[in-house]
Amino acid sequence: MGTQQLHLTPVEQAPSSASYRLQVAEVIDETADARSLVLRVPAELRERFAYKPGQFLSFRVPYAGKLLTRCYSMASSPHCDALPKVTIKRVADGRVSNWMNQQVQAGDWLEVLPPAGHFCLSQSHPSAGEHELVLFGGGSGITPVFSILKSALQTSARRIKLIYANRDEASVIFKAELRQLAKANGERLQVVHVLDSVQGFLTAAEVRQLVRGHAGAEFFICGPGPFMDTVEGALLALGEAPARIHVERFVSPPDPDELLAQEAQARAASLDSACESLSVELDGQRHEIACQPGDTLLQSCKAAGLAVPSSCEEGFCGACMCRVEEGETQLARNDVLSAQELATGWTLACQSRPSSARVQLKFPD
Ligand SMILES: Cc1cc2nc3c(=O)[nH]c(=O)nc-3n(C[C@H](O)[C@H](O)[C@H](O)COP(=O)(O)OP(=O)(O)OC[C@H]3O[C@@H](n4cnc5c(N)ncnc54)[C@H](O)[C@@H]3O)c2cc1C
């Protein structure tokens, strides 16, 4: 599809319920095929748009009569940058990424969901702050990694190694900023560039070589699928703990018509499994609520008036993550939870329906 066929305009209509209109404060051309959008957040939305390094924003973009949702990670750091900034790299024939790169201007208004995501510096284990950080970014996957890198430099004494893979030198996003940071932070920050044009794609043997002497670090990986698979596979084979390996996958959610069809199918499939009792722990309080056949956990919670966290309601942001402590549920779409999280009872309330008579849930504090 050529770019001339795009039918997109910045939002002029009232945004859908969970989203807000934010104005583009600045457009920065980073490389020939990537640009950053700096967003202005009005005072009354600052709390709602507070974010953790590594989180993303979801944009709702009108396209040929549909509203497409696309996530873009924050390249800015809440600890160093006054305004949030996302960086978008063009995907061949991609509908939204090309529009973002070609059409959006400073002063335009965009429809945006609040920050979400779990690809963040870990607070889950007490010694997390002591681990060295080893970051792998490939192409546009540098975006959340860069936010994490800048934040860790600013807020901790952790040593950081960044391995950054790109097609060629001209495609390296944030090249000058990285050079400056490496210079300013001496031995604490090591940046290793890997260029496909020079040495080909990163191999498992090279990953083993690059992480030698960094066993026990906390690892963050974001980039093209094969790049992430190579790095993650190599780390696991070396015996690194899955809990210290964080992975962010950049995918586009299905189009709205496909989502609706999937939703109808999942609802129909769950109509027979009547749940008699749904017990929900939220903010330390337990609630016994009703569940209607076919309703998701989130729909049941909302119908009961519980203010559970949620955002995209399409299974890709992770805002409604909760743990099934008792009973069985069926998860429809999931672009967020890892196999390990699923195995330990995590689910997405917006995509999950009860499949046993009693279900007990807990939302994280
Ligand atoms: C958590 C998260 C964070 C992300 N952060 C970033 C980021 O920081 N920076 C970044 O650049 N990207 C990021 N992404 C990826 C981004 O959200 C989009 O997936 C990407 O920009 C491509 O979107 P698009 O609309 O341009 O492409 P799409 O239109 O979705 O197309 C993707 C591919 O499908 C093909 N396609 C074209 N038309 C159609 C069609 N009608 N139906 C189906 N397929 C079609 C295209 O050929 C293309 O190869 C992130 C994704 C996630 C999930």
Side-chain angles (χ1 to χ4, degrees), residues 1-8 27-39 51-77 84-104 110 112-120 135 137-149 164 166-167 171-174 220-225 227-228 246-259 261-262 311-312 314-319 321 333-338 348:
M1 180 185 297
T3 49
Q4 67 274 20
Q5 289 172 272
L6 295 170
H7 304 287
L8 306 170
V27 172
I28 304 165
D29 288 320
E30 304 284 0
T31 64
D33 58 5
R35 67 167 15 177
S36 295
L37 305 180
V38 180
L39 300 169
Y51 64 96
K52 293 184 198 156
Q55 286 196 307
F56 60 87
L57 294 172
S58 304
F59 293 79
R60 300 244 200 240
V61 177
Y63 171 86
K66 307 177 189 184
L67 204 53
L68 301 181
T69 305
R70 294 291 181 272
C71 309
Y72 292 104
S73 303
M74 240 82 67
S76 51
S77 158
K85 176 174 88 174
V86 290
T87 303
I88 300 124
K89 185 165 177 168
R90 290 167 59 147
V91 169
D93 294 333
R95 289 163 289 173
V96 174
S97 59
N98 281 285
W99 177 74
M100 292 277 198
N101 270 275
Q102 288 167 343
Q103 307 291 329
V104 176
L110 299 173
V112 192
L113 292 168
H118 300 273
F119 185 68
C120 299
L135 313 173
S140 60
I142 188 64
T143 318
V145 161
F146 192 47
S147 175
I148 289 169
L149 182 151
Y164 185 12
N166 278 287
R167 204 171 44 228
S171 339
V172 181
I173 308 172
F174 310 131
F220 287 83
I221 312 165
C222 185
F227 167 84
M228 293 199 295
H246 310 272
V247 174
E248 183 80 306
R249 294 194 182 273
F250 280 7
V251 288
S252 296
D255 283 8
D257 37 1
E258 206 183 316
L259 277 175
Q262 287 178 0
S311 184
C312 77
E314 291 172 2
F316 62 81
C317 82
M321 260 176 87
R333 278 187 52 72
N334 166 36
D335 285 334
V336 184
L337 301 173
S338 64
L348 300 173

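In this chain, residues are counted from 1 in sequence order. The structure displayed is predicted, hence computed values, not measured ones. Just follow the structure's listing: the first ligand is 1, and inside any ligand the first atom is 1.
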Asker: Does ligand 1 have an atom under 4.0 Å from some heavy atom of R249?
Answerer: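 Checking ligand 1 against R249, which is what was asked, there is a heavy-atom contact under 4.0 Å.
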Asker: Return the CD to CG distance between Q262 and D257, rounded to the nearest 0.5 Å.
Answerer: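 Going from CD on Q262 over to CG on D257, the span is 10.5 Å.
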Asker: Quick test of your reading of the structure: of H118, R90, K89, whose heavy atom lies closest to atom 11 (O) of ligand 1?
Answerer: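 Selected option, by shortest heavy-atom distance: K89.
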Asker: Once you restrict to heavy atoms under 4.0 Å, what part of A92 touches ligand 1? Side chain, backbone, both or neither.
Answerer: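 Answer for A92: backbone.
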Asker: Please check this pair: side chain of S147 against backbone of P53, looking for a donor-acceptor N/O pair closer than 3.5 Å.
Answerer: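 No; zero donor-acceptor contacts below 3.5 Å.
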Asker: Using a strict cut-off of 4.0 Å, indicate which atoms of ligand 1 neighbour a heavy atom of G94.
Answerer: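 So the atoms of ligand 1 that pass are 24 (P), 26 (O), 27 (O), 28 (P), 29 (O), 31 (O).
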Asker: CG of N334 to CG of L348: how many Å apart, nearest 0.5 Å?
Answerer: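 Going from the CG atom of N334 to the CG atom of L348 covers 5.0 Å.
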Asker: Consider ligand 1: state whether an atom of it lies below 4.0 angstrom from any non-hydrogen atom of G117.
Answerer: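 No; G117 lies far enough from ligand 1 that no heavy-atom distance drops under 4.0 Å.
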Asker: Going by distance alone, is a donor N or O of one side chain under 3.5 Å from an acceptor N or O of the other, for S76 and Y51?
Answerer: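 S76 vs Y51: donor-acceptor pair found between side chains.
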Asker: Regarding atom 9 (N) of ligand 1: of the candidates T87, D93, I88, which has the closest heavy atom?
Answerer: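 The option holding the nearest heavy atom is T87.
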Asker: Geometry only, no angles: is D255 polar-contacting ligand 1 at N/O separations under 3.5 Å?
Answerer: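 No, no N or O pair falls under 3.5 Å.
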Asker: Can you figure out which of W99, F56, F146, F250 has its heavy atom closest to atom 15 (C) of ligand 1?
Answerer: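 Looking at heavy atoms only, F250 sits closest to atom 15 (C) of ligand 1.
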Asker: Return yes when V91 approaches ligand 1 closer than 4.0 angstrom through a heavy atom, no otherwise.
Answerer: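 Yes, V91 has heavy atoms under 4.0 Å from ligand 1.
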Asker: Quick one: which of T31, N98, N101 gives a side chain to side chain donor-acceptor pair (under 3.5 Å) with R90?
Answerer: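 Considering T31, N98, N101, a side chain to side chain donor-acceptor pair (under 3.5 Å) with R90 is found only for N98.
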Asker: Looking at T143, which atoms of ligand 1 are within less than 4.0 Å of one of its heavy atoms?
Answerer: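 Contacts of ligand 1 toward T143, numbered from 1: 8 (O).
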Asker: At what distance, to the nearest 0.5 angstrom, does CZ of F119 lie from CZ of R249?
Answerer: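 It comes to 10.5 Å.
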Asker: For the backbone of E314 and the side chain of R333, can you confirm whether one donor and one acceptor N or O come within less than 3.5 Å of each other?
Answerer: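 Present.
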Asker: Sequence neighbours excluded, which residues qualify as salt bridge (charged side-chain N to carboxylate O under 4.0 Å, His left out) partners of D29?
Answerer: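 For D29, the residues satisfying salt bridge (charged side-chain N to carboxylate O under 4.0 Å, His left out) (neighbours in sequence not counted) are R35.
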Asker: Among R70, R95, E248, which one puts a heavy atom closest to atom 45 (C) of ligand 1?
Answerer: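 Residue with the shortest heavy-atom distance to the ligand atom: R95.
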